[in-house]
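Throughout, a chain's letter reflects where its sequence line sits, starting with A, and its residues are numbered from 1.
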Number of protein chains: 2
Amino acid sequence: MAQNADLEAIRKAQIIDAALRTIAERGCANVTMDDICKAAGLSKGGLAHYFKSKTELFKAVFLEFFQRIFLRSDLTMSAFDDPLEQLLSFDWLYNARDPDVETGYPILYDFMSMAVHDQCYRDIFRDWVNNWVKLLKKAIELGQTHGRFRNVDPESAARTISAIYQGMATRWYLAQSEHPTEWAVDSVRRSITGLLNSFENSR
Amino acid sequence: MAQNADLEAIRKAQIIDAALRTIAERGCANVTMDDICKAAGLSKGGLAHYFKSKTELFKAVFLEFFQRIFLRSDLTMSAFDDPLEQLLSFDWLYNARDPDVETGYPILYDFMSMAVHDQCYRDIFRDWVNNWVKLLKKAIELGQTHGRFRNVDPESAARTISAIYQGMATRWYLAQSEHPTEWAVDSVRRSITGLLNSFENSR
DNA sequence: CGGTATAACGACCAATCGGTCGATTAATTG
DNA sequence: CAATTAATCGACCGATTGGTCGTTATACCG
């Protein structure tokens with residue numbers, strides 16, 4: 001009866017948060033509804049009251065996840081004034097002690113493997129990438145108003161930059177012993193500046 | 001009695017091949033032993049004769065998969081003489097009609113999501129990356145004997161290059177409409193040459 | 001031709017899990 | 001204080017699935 005009209009929002013957030021942690025820990029394929037119920041402090045029926053099916057819950061979880069990452073990216077980036085520094089402001093992706101990183105990577109890899117077989121997830125992925133690209137693009141265009149990044153196509157380069165970040169991330173996260181944080185940070189830095197210079201000199 | 005001592009090898013290859021195709025099609029999480037049995041033309045008991053458990057089969061499948069990709073990479077790379085062309089010889093990764101690509105990406109993403117939660121899979125991943133890196137490293141060192149790639153640390157740069165390839169691959173495969181093949185090929189080319197130049201000019 | 005060991009079969013079992021549903025509790029309203 | 005409706009519970013069901021096991025078929029050997 002909605003004694004508190006916000007209860008639904010509170011409960012949903014609580015469930016999504018529990019699911020996020022549980023999925024990160026166990027992996028999508030192994031997580032059961034019971035696991036999530038326990039983590040959320042709810043019974044099966046109680047949870048079913050808010051999410052009718054497992055897939056519905058999962059979709060909500062992933063949407064929330066990508067939203068968080070985007071907000072985090074936006075926040076971190078806007079802490080810099082220099083456009084190039086903005087483009088290079090994603091070092092936090094390679095900080096193992098960052099809470100967003102700890103849960104983020106497991107979630108992201110599970111998500112991508114599901115996106116391979118599910119158009120709906122691919123759409124979420126695309127939207128997230130597009131949002132990220134929009135941030136990077138803005139930084140490039142800002143630089144161009146100051147005469148930098150000459151000949152760079154902002155959209156295309158932004159996509160390349162975000163892909164570079166993710167490429168290093170995969171190595172850094174899955175084969176950490178061979179790919180320490182310094183390697184990832186340095187590689188990203190060199191690749192991105194190198195990419196931008198490749199436009200400047202050519203064409 | 002091994003009327004044909006090779007029978008075991010033949011059957012195992014047959015099963016692994018069927019599993020490879022089935023997993024690529026349905027995804028690790030959804031594939032059942034029955035699916036694989038049907039694809040392999042064997043019964044449950046027949047398959048169990050060669051692989052005692054699902055996880056044992058999966059591990060064999062992934063090992064075979066990475067072996068194939070490595071051989072393919074080695075083969076393609078060695079078709080070029082120029083070291084830089086060797087480093088840039090992985091365009092086939094972005095050819096949607098390539099059979100290795102068609103099955104490869106689904107397998108790879110499933111694999112990575114499992115590697116997150118399973119050390120054994122991370123080891124396989126690390127070995128594969130190391131093998132790939134070895135190829136790239138050789139090309140860089142070959143170039144250096146001719147005075148090119150000055151100041152480049154071959155090992156570190158090789159890791160960066162392979163990560164760049166994979167970064168573009170993720171975008172190209174999961175969000176194709178926004179990341180066409182030309183974008184991927186061009187991005188890789190610019191990023192890698194840019195990376196190598198970043199060493200040449202600095203330090 | 002038996003005898004024997006391998007190869008292959010498929011019915012069956014036990015365990016897991018997502019979702020349902022009737023019951024119970026709690027809160028709001030008239 | 002009823003009455004009503006939302007919120008929560010957890011036992012239960014049906015479906016799925018990995019693995020087993022007794023059985024059959026096949027091929028080689030002595």
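As rounded to whole Å, 6 Å separates atom P of dA7(D) from atom CG of Leu7(A). Taking atom NZ of residue Lys38(B) and atom P of nucleotide dA8(C), one finds them 19 Å apart after rounding to whole Å. Atom CG of Leu57(A) and atom P of dG18(C) are 11 Å apart (whole Å). One interatomic measurement links the two molecules: NZ of Lys52(A) to P of dA7(D), which rounds to 13 Å at whole-angstrom precision. We find that CG of Asp34(B) is positioned 11 Å from P of dG10(C), with the value rounded to whole Å. Between Glu8(A) atom CD and dT8(D) atom C1' the separation is 14 Å, expressed in whole Å. Atom P of nucleotide dA7(C) and atom CD1 of Ile10(B) are separated by 12 Å, given to the nearest angstrom.
The base of dG19(C) has none of its N or O atoms less than 3.5 Å from a complementary donor or acceptor on the side chain of Lys54(A). Scanning atom types as modelled, one donor and one acceptor separated by under 3.5 angstrom connect the side chain of Lys44(B) and the base of dG18(D).
Looking at residues 15-25 of chain A, you'll see that no heavy atom sits under 4.0 Å from any atom of DNA chain D.
Of the candidate nucleotides dG18(D), dG19(C), dA8(C), dG18(D) has the atom lying nearest to any side-chain atom of Thr32(B). Of the listed nucleotides (dA8(C), dT20(C), dG19(C)), dA8(C) has the atom at the smallest distance from the side chain of Arg11(B).
Using a 4.0 Å cut-off between charged nitrogen and carboxylate oxygen, Asp100(B) and Arg68(B) do not count as a salt-bridge pair. In this structure, Arg21(A) does not pair ionically with Glu25(A), as no charged nitrogen and carboxylate oxygen lie closer than 4.0 Å. Between Asp123(B) and Arg126(B), at least one side-chain nitrogen of the basic residue sits less than 4.0 Å from a carboxylate oxygen of the acidic one, meeting the salt-bridge criterion.
Aromatic ring centres of Phe62(B) and Phe125(B) lie farther apart than the 6.0 Å criterion allows.
Counting non-hydrogen atoms under 4.0 angstrom, Leu47(B) reaches nothing in the nucleic acid. Nucleic acid contact class of Tyr50(B) (heavy atoms, under 4.0 Å, all strands): sugar-phosphate only.
Both Gly45(A) and Asn30(A) sit near DNA chain C, but only Asn30(A) has its closest nucleotide nearer the 5' end.
Side-chain atoms of Asp82(A) come within 3.5 Å of backbone N or O of Glu85(A) as a donor-acceptor pair. Listed for the Arg122(A) side chain is a donor-acceptor partner under 3.5 Å among the backbone atoms of Val116(A). A distance-only check finds no donor-acceptor pair linking the side chain of Tyr105(B) to the backbone of Leu174(B) [under 3.5 Å].
The shortest distance between the side-chain N/O atoms of His49(B) and the OP1/OP2 oxygens of dA7(C) is below 4.0 Å.
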